[in-house]
Amino acid sequence: MSVEAAGGVIVRDGPGGSEICVVHRPHREDWSLPKGKLDAGESFEEAALREVLEETGLTVRLGEELASTHYEDQKGRPKVVRYWRMAVVEDPGFEPHDEVDQLRWLAPPEALTLLSYAHDRELVASL
(Lines give C-alpha, C1' and ligand atoms only; values in the text may rest on other atoms or scores of the structure.)
Protein backbone atom coordinates (compact mmCIF):
# COMPACT_ATOMS: atom_id res chain seq x y z
CA MET A 1 0.00 0.00 0.00
CA SER A 2 1.39 3.37 -0.95
CA VAL A 3 1.67 6.40 1.29
CA GLU A 4 -0.41 9.34 0.05
CA ALA A 5 0.58 12.93 0.73
CA ALA A 6 -0.13 16.43 -0.57
CA GLY A 7 1.49 19.82 -0.48
CA GLY A 8 2.07 23.10 -2.18
CA VAL A 9 4.40 25.36 -4.05
CA ILE A 10 3.40 28.66 -2.44
CA VAL A 11 4.23 31.64 -4.63
CA ARG A 12 4.01 35.34 -3.76
CA ASP A 13 5.17 38.59 -5.31
CA GLY A 14 8.27 39.84 -3.50
CA PRO A 15 10.28 43.03 -3.92
CA GLY A 16 12.51 41.39 -6.56
CA GLY A 17 9.84 39.26 -8.29
CA SER A 18 8.27 35.91 -7.50
CA GLU A 19 9.21 34.15 -4.27
CA ILE A 20 8.71 30.51 -3.22
CA CYS A 21 8.06 29.36 0.36
CA VAL A 22 10.47 26.68 1.61
CA VAL A 23 10.53 25.15 5.09
CA HIS A 24 13.19 23.58 7.28
CA ARG A 25 12.22 20.41 9.15
CA PRO A 26 14.58 19.91 12.10
CA HIS A 27 13.75 16.22 12.60
CA ARG A 28 14.93 15.48 9.04
CA GLU A 29 17.49 18.31 8.81
CA ASP A 30 16.18 19.18 5.35
CA TRP A 31 14.70 22.03 3.35
CA SER A 32 11.53 21.13 1.48
CA LEU A 33 8.22 22.30 0.15
CA PRO A 34 5.43 22.10 2.74
CA LYS A 35 3.59 18.79 2.52
CA GLY A 36 2.27 15.90 4.58
CA LYS A 37 0.30 12.68 4.66
CA LEU A 38 -3.45 12.50 4.20
CA ASP A 39 -5.61 11.89 7.26
CA ALA A 40 -8.28 9.18 7.05
CA GLY A 41 -11.15 10.27 4.81
CA GLU A 42 -9.35 13.42 3.68
CA SER A 43 -8.99 14.39 0.01
CA PHE A 44 -5.62 15.34 -1.48
CA GLU A 45 -6.82 18.95 -1.78
CA GLU A 46 -7.96 19.11 1.85
CA ALA A 47 -4.66 17.60 3.01
CA ALA A 48 -2.62 20.08 0.96
CA LEU A 49 -4.43 23.05 2.51
CA ARG A 50 -4.24 21.61 6.05
CA GLU A 51 -0.57 20.66 5.83
CA VAL A 52 0.44 24.09 4.52
CA LEU A 53 -1.49 25.77 7.34
CA GLU A 54 0.03 23.46 9.99
CA GLU A 55 3.59 23.80 8.74
CA THR A 56 3.67 27.48 7.74
CA GLY A 57 0.71 29.21 9.43
CA LEU A 58 -0.36 30.45 5.99
CA THR A 59 -3.94 30.30 4.79
CA VAL A 60 -3.69 29.62 1.06
CA ARG A 61 -5.88 28.88 -1.93
CA LEU A 62 -5.26 26.16 -4.47
CA GLY A 63 -4.20 27.07 -7.97
CA GLU A 64 -3.30 24.68 -10.75
CA GLU A 65 -2.28 21.15 -9.89
CA LEU A 66 1.40 20.52 -10.57
CA ALA A 67 3.24 17.30 -11.34
CA SER A 68 3.00 14.59 -8.69
CA THR A 69 6.12 12.98 -7.26
CA HIS A 70 6.61 9.26 -6.70
CA TYR A 71 9.39 7.81 -4.57
CA GLU A 72 10.12 5.42 -1.71
CA ASP A 73 9.83 6.86 1.79
CA GLN A 74 12.40 6.22 4.53
CA LYS A 75 10.63 2.95 5.39
CA GLY A 76 10.86 1.67 1.80
CA ARG A 77 7.17 2.19 1.04
CA PRO A 78 6.02 3.68 -2.27
CA LYS A 79 4.87 7.27 -1.76
CA VAL A 80 2.92 9.64 -3.98
CA VAL A 81 2.74 13.37 -3.28
CA ARG A 82 0.34 15.58 -5.21
CA TYR A 83 1.19 19.29 -5.33
CA TRP A 84 -0.66 22.48 -6.20
CA ARG A 85 0.53 25.95 -6.94
CA MET A 86 -0.81 28.08 -4.09
CA ALA A 87 -1.39 31.74 -3.36
CA VAL A 88 -1.40 33.31 0.10
CA VAL A 89 -4.80 34.44 1.39
CA GLU A 90 -3.69 35.28 4.93
CA ASP A 91 -0.22 35.49 6.51
CA PRO A 92 -0.34 36.01 10.28
CA GLY A 93 3.44 35.55 10.54
CA PHE A 94 5.45 32.36 10.94
CA GLU A 95 5.94 30.87 14.40
CA PRO A 96 8.60 28.12 14.66
CA HIS A 97 7.38 24.78 16.07
CA ASP A 98 8.50 21.16 16.43
CA GLU A 99 7.75 20.15 12.84
CA VAL A 100 9.09 23.27 11.07
CA ASP A 101 11.61 25.60 12.70
CA GLN A 102 12.36 27.93 9.77
CA LEU A 103 10.46 29.35 6.81
CA ARG A 104 12.08 31.29 4.00
CA TRP A 105 10.70 33.15 1.00
CA LEU A 106 13.23 32.82 -1.82
CA ALA A 107 13.54 33.71 -5.47
CA PRO A 108 13.23 30.48 -7.49
CA PRO A 109 16.99 30.22 -8.26
CA GLU A 110 17.78 30.53 -4.53
CA ALA A 111 15.10 27.97 -3.66
CA LEU A 112 16.66 25.56 -6.16
CA THR A 113 20.01 25.73 -4.37
CA LEU A 114 18.52 25.33 -0.88
CA LEU A 115 15.94 22.56 -1.43
CA SER A 116 17.24 19.15 -0.30
CA TYR A 117 15.36 16.91 -2.74
CA ALA A 118 15.52 16.60 -6.52
CA HIS A 119 11.74 16.16 -6.81
CA ASP A 120 11.18 19.49 -5.00
CA ARG A 121 13.74 21.23 -7.22
CA GLU A 122 12.06 19.82 -10.35
CA LEU A 123 8.69 21.24 -9.26
CA VAL A 124 10.13 24.71 -8.62
CA ALA A 125 12.06 24.62 -11.90
CA SER A 126 8.85 23.77 -13.80
CA LEU A 127 7.08 27.01 -12.76
Side-chain angles (χ1 to χ4, degrees):
M1 183 166 149
S2 69
V3 176
E4 296 179 325
V9 180
I10 309 163
V11 182
R12 73 175 186 185
D13 291 329
S18 290
E19 296 178 331
I20 307 286
C21 176
V22 297
V23 296
H24 182 260
R25 302 181 301 173
H27 64 286
R28 298 231 194 281
E29 280 302 317
D30 65 8
W31 285 93
S32 69
L33 299 169
K35 65 180 175 302
K37 293 189 261 305
L38 275 65
D39 287 341
E42 190 174 41
S43 71
F44 279 93
E45 293 87 348
E46 290 167 338
L49 293 169
R50 177 185 52 76
E51 284 291 340
V52 165
L53 179 62
E54 287 176 4
E55 292 191 359
T56 68
L58 298 168
T59 301
V60 296
R61 74 171 170 273
L62 297 178
E64 67 181 301
E65 185 169 3
L66 303 171
S68 297
T69 60
H70 302 265
Y71 56 94
E72 281 191 5
D73 70 7
Q74 292 185 329
K75 296 179 181 175
R77 301 171 297 184
K79 183 172 184 177
V80 60
V81 185
R82 289 176 61 187
Y83 287 94
W84 282 264
R85 184 181 178 115
M86 297 179 170
V88 177
V89 174
E90 185 178 354
D91 181 359
F94 176 70
E95 293 290 333
H97 51 90
D98 290 347
E99 201 173 343
V100 173
D101 64 351
Q102 293 182 61
L103 178 150
R104 292 189 188 166
W105 287 99
L106 301 171
E110 294 170 324
L112 290 173
T113 63
L114 187 61
L115 287 165
S116 300
Y117 303 107
H119 51 266
D120 287 347
R121 291 190 297 271
E122 288 167 12
L123 274 173
V124 171
S126 74
L127 297 180

Margin query: I'd like to know whether CG of Asp98 has more than 12 heavy-atom contacts from other residues, nucleotides or ligands below 6.0 angstrom.
Written below: no
Item checked: Pairing of Arg50 and Glu54 as salt bridge, 4.0 angstrom limit -> yes
Margin query: Students often mix this up, so state it plainly: with edges at 30° and 60°, are the rings of His24 and Trp31 parallel, tilted or perpendicular?
Written below: tilted
Next item on the list: May I have the step-by-step check of side-chain contact (heavy atoms from CB on, under 4.5 Å) for Arg104 and Glu110, ending in yes or no?
Entry: CA-CA 10 Å; Arg104 292 189 188 166; Glu110 294 170 324; over 6 Å; no
Margin query: Show, in sequence, the C-alpha distance, side-chain angles and deciding distance for Leu106 and Thr113, and conclude whether the side-chain contact (heavy atoms from CB on, under 4.5 Å) test is met.
Written below: CA-CA 10 Å; Leu106 301 171; Thr113 63; over 6 Å; no
Note to self: With a 4.5 Å cut-off on side-chain heavy-atom distances among I, L, V, M, F, W and Y, is there a chain of contacts connecting Val124 to Val11?
What the structure shows: yes
Note to self: Evaluate Lys35 against Glu51 for salt bridge (charged side-chain N to carboxylate O under 4.0 Å, His left out), listing each step before the verdict.
What the structure shows: CA-CA 6 Å; Lys35 65 180 175 302; Glu51 284 291 340; over 6 Å; no
Notebook entry, point to check: Which pair of non-hydrogen atoms, one from Arg82 and one from Ser68, has the smallest distance, and what is that distance?
Noted result: CG-OG, 3.3 Å
Check: What heavy-atom pair brings Cys21 and Pro34 nearest, and what distance separates the two atoms?
Finding: O-CD, 3.9 Å
Item checked: Over all atoms of both residues, closest heavy-atom pair of Gly7 and Val81 -> N-CG1, 4.4 Å
Check: Looking at Arg121 and Leu112, what are the two nearest heavy atoms and their distance?
Finding: CD-O, 3.0 Å
Checklist line | Short side-chain to backbone donor-acceptor contact, Arg25 and Ser32, under 3.5 Å | finding: no
Item checked: Matching residue for Phe94 among Asp101, Leu58, Val100 - test: side-chain contact (heavy atoms from CB on, under 4.5 Å) -> Val100
Next item on the list: Tell me whether Val80 is reachable from Tyr71 by hopping between hydrophobic residues (I, L, V, M, F, W, Y) whose side-chain heavy atoms are closer than 4.5 Å.
Entry: no
Next item on the list: Quick one: pull up CG in Leu53 and CD in Glu55 and give me the separation to the nearest 0.5 Å.
Entry: 10.5 Å
Note to self: Side-chain heavy atoms nearer than 4.5 Å, only ILVMFWY residues, links allowed to pass through others: does that put Val88 and Val23 together?
What the structure shows: yes
Check: In Å, rounded to the nearest 0.5 Å, how long is the span from CD of Gln74 to NZ of Lys79?
Finding: 8.5 Å
Margin query: How long is the straight-line distance from CG of Leu114 back to CD of Gln102, given to the nearest 0.5 Å?
Written below: 9.0 Å
Notebook entry, point to check: Could you state the interatomic distance from CD (Glu90) to CZ (Arg61), rounded to the nearest 0.5 Å?
Noted result: 13.0 Å
Check: Quick check: are there more than 12 heavy atoms from other residues, nucleotides or ligands sitting under 6.0 Å from CD of Glu29?
Finding: yes
Check: Under the side-chain contact (heavy atoms from CB on, under 4.5 Å) criterion, do Tyr117 and Leu123 qualify, and how do the steps go?
Finding: CA-CA 10 Å; Tyr117 303 107; Leu123 274 173; over 6 Å; no
Check: Between Ala6 and Ala47, which heavy-atom pair has the shortest distance, and what is it?
Finding: CB-CB, 4.1 Å
Next item on the list: Output the distance between atom CG (Leu33) and atom OG1 (Thr56), rounded to the nearest 0.5 Å.
Entry: 11.5 Å
Next item on the list: Report the distance from atom CD of Glu72 to atom CZ of Arg77, rounding to the nearest 0.5 Å.
Entry: 10.5 Å
Next item on the list: Answer with yes or no whether the hydrophobic clustering places Val52 together with Phe44; edges join I, L, V, M, F, W, Y residues whose side-chain heavy atoms lie under 4.5 Å apart.
Entry: yes
Check: Is there a side-chain contact between Leu115 and Ile20 (heavy atoms, below 4.5 Å)?
Finding: no
Check: Mind checking whether Ile10 and Val22 sit in one hydrophobic cluster, side chains of I, L, V, M, F, W, Y counted as touching below 4.5 Å?
Finding: no
